[in-house]
Trainee: 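For reference, the structure I am asking about is given below.
The analysis underlying the following values was restricted to heavy atoms, covering all of them including side chains, and did not include hydrogens, waters or symmetry mates.
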There are 2 protein chains.
Amino acid sequence: MSLRHALLALLNINPQSGYDLAQRFSTSLEYVWRASHSQIYPELRRLEQEGLVKATEVGRGERATKREYGLTAAGCQAIEDWIDAVVPPPYERSVPHLRAMYLEYASFDTARRQFQVHLSHYRHLKTGWEHHLEDVRARTTDLMQLRLAQTRPQAHDAVAAYKVHMYEGLIARADVEIAWALRGLELVDTLEKDAGLEPGERVTSPIPSYPDPTDAPPSAPPTSA
Amino acid sequence: MSLRHALLALLNINPQSGYDLAQRFSTSLEYVWRASHSQIYPELRRLEQEGLVKATEVGRGERATKREYGLTAAGCQAIEDWIDAVVPPPYERSVPHLRAMYLEYASFDTARRQFQVHLSHYRHLKTGWEHHLEDVRARTTDLMQLRLAQTRPQAHDAVAAYKVHMYEGLIARADVEIAWALRGLELVDTLEKDAGLEPGERVTSPIPSYPDPTDAPPSAPPTSA
DNA sequence: TTACTCATGTAAGTAGTTACATGATTCC
DNA sequence: GGAATCATGTAACTACTTACATGAGTAA
């Protein structure tokens, strides 16, 4: 139920079309919340049906039109209800961490590659967030300008400060992931020195309970019980 | 596609029923990967159909039975393929961070409450992970004992070290979230001092583009274009 | 006999992804 | 005329959540 609130919050800054919102998600909000147009358009229709937004058909060119959405009073109320709601953060699942739990099934080279993609992924995210942080600090982006223009001056510091704090939080997240990956790489090196395995050899391999009979004559009978 | 690999990895440690696996997820794996029985049972059936696991009906009591699943050779291959696959980590969405981005719509008290639930959530997760880390370090849990018993001694250090590293990673994650929440609480205090708002007053409120006509006579006409 | 654990499912709904599909506009 | 962009959708699929449903075994 967060996409709708991201949409409402963006629409409160300025009325926009679904296309504009999709652009926002893939640029300004790129690294905070992602949503594809195929998710945005139906959600806007639902919001409209529920009376939280209202659309205006706007002409463009000769024949074409677009639908610009703006907040209704109910939509504003929905934002306030959302920000007031106290819900514990959802539990997260980390695929890389699950994988790391079973890296003994990999060769050291594979383990290294796993940590390397983790590293470059979060380095990439970090630079994106750092750029956004600069933008928010400088208050130069059109989004921040629009947001501040509609807010009374006494609130400007808070509006910016919360966004700065959020980006700092995301950057700190990236930093731990980067540090974790680097320590992972060191760990692999250490383990490799002590292990004396062939290059590419797995540290250990999974053992079937039911060896495949078609593949090779089983050395041991199926151990079921 | 990670649940199935979590299941395969657990089944490689020892053959188990769906019920046993659900227990593992809600205790040992509690804070690493969550899955409810309603997700596990159908997935086991799919794995069985694909030939990655094989079930044995085991009697219990007079009339009842249970299905114990074990890995086939194809299942072992699936684990190896999974650990070898290099896929970038999925992009994550953080509801608390999205909310933090728009905390100016909240009162300072509400903002504080938001950071407080964040704080206690990650403190709770951290203690859980710390216990698991101790267990892995001591190598005393039945899960670790089983795992090590089936692994050649030279690999024992790696098996434990990867798990230690994973839990350290999760704990580091929790630490940044805790630090972030604490800095958030400080930020709210700072902003509150400078703002001079009534207790419970919102820093700013969303403004409708389309004021609700039924609610009150609009002070301004609907600003659509 | 009652309550708790063991055991296995289905159904409905939410959230999100990828791919398919279409057509106007604008700029070169 | 062709390519890029603007603009809006649908369909199929995956992953996961919550609730509904059932029944046997075990210990007080």
Trainee: Between the side chain of B:N12 and the main-chain N/O of A:I207, is any donor-acceptor distance below 3.5 Å?
Mentor: yes

Trainee: Taking atom C1' of D:dC6 as reference, at what distance in whole Å does atom CD of A:E62 sit?
Mentor: 16 Å

Trainee: Any side-chain to backbone donor/acceptor pair from B:Q114 onto A:A85? Under 3.5 Å, distance only.
Mentor: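 Side chain of B:Q114 to backbone of A:A85, a donor-acceptor pair under 3.5 Å: yes, one is there.
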
Trainee: Measure from CD1 on B:I40 to C1' on C:dT8 and round the result to the nearest Å.
Mentor: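 Those two atoms, CD1 and C1', are 12 Å apart.
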
Trainee: Whole Å only: how far is the CD atom of B:E57 from the C1' atom of C:dG9?
Mentor: 13 Å

Trainee: Return yes if some donor-acceptor pair links the side-chain N/O of A:T72 with the main-chain N/O of A:G51 below 3.5 Å, else return no.
Mentor: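 Checked: pair present.
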
Trainee: Taking only nitrogen or oxygen atoms into account, show me every contact under 3.5 Å that the protein makes with nucleotides 17-21 of chain C, one pair per line with its distance.
Mentor:
residue : atom : partner : partner atom : Å
C:dT17  : OP1  : B:R93   : NH2          : 3.0
C:dT17  : OP2  : B:R93   : NH2          : 3.4
C:dT18  : O4   : A:S38   : OG           : 2.7

Trainee: Looking at A:R45, does any N or O in its side chain come under 4.0 Å of the phosphate oxygens OP1/OP2 on D:dG9?
Mentor: yes

Trainee: To the nearest Å, how far apart are A:R60 CZ and D:dA7 P?
Mentor: 5 Å

Trainee: Can you tell me how far C1' of C:dC6 sits from CD of B:Q23, to the nearest Å?
Mentor: 9 Å

Trainee: Tell me if the centroids of the rings in B:W180 and B:H97 come within less than 6.0 Å of each other.
Mentor: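 Yes, close enough.
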
Trainee: Quick check: on DNA chain C, is the nucleotide nearest A:M1 upstream (toward 5') of the one nearest A:G61, or the reverse? Name the residue that is more 5'.
Mentor: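 By nearest-heavy-atom nucleotide position, the 5'-most residue is A:M1.
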
Trainee: Taking only the side-chain heavy atoms of B:D20 (C-beta and beyond), determine which of C:dT8, D:dG9, C:dA7 contains the nearest atom.
Mentor: C:dA7

Trainee: Nearest whole angstrom, please: distance from the C1' of C:dT10 to the CD of B:E43.
Mentor: 16 Å

Trainee: Whether the side chain of A:R93 engages the backbone of B:R34 through a donor-acceptor N/O pair (distance < 3.5 Å, no angle test) should be reported.
Mentor: yes

Trainee: Just checking B:H124 against B:Y31, ring centres under 6.0 Å apart?
Mentor: yes

Trainee: Within the structure provided, determine whether A:R60 and A:T65 are in side-chain contact (heavy-atom separation under 4.5 Å).
Mentor: no

Trainee: Want to settle it: does A:L3 or A:R63 sit nearer the 5' end of DNA chain C, counting the closest nucleotide to each?
Mentor: A:L3

Trainee: Whole-Å distance between D:dT17 C1' and B:F25 CZ?
Mentor: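 Rounding to the nearest Å, CZ of B:F25 and C1' of D:dT17 are 15 Å apart.
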
Trainee: Please produce a list of atom pairs where a protein N or O lies less than 3.5 Å from an N or O of nucleotides 2-5 of chain C.
Mentor:
none

Trainee: I need the CD-C1' distance between B:E48 and C:dT8, as an integer number of Å.
Mentor: 13 Å

Trainee: Kindly say whether the aromatic ring centers of B:Y105 and A:W82 come within a distance under 6.0 Å.
Mentor: no

Trainee: Working to the nearest 0.5 Å, report the span between NE2 of A:H165 and CG of A:L133.
Mentor: 11.5 Å

Trainee: A:Y41 side chain N/O closer than 4.0 Å to the phosphate oxygens (OP1, OP2) of D:dG9?
Mentor: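 Indeed not, no polar side-chain atom of A:Y41 lies that close.
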
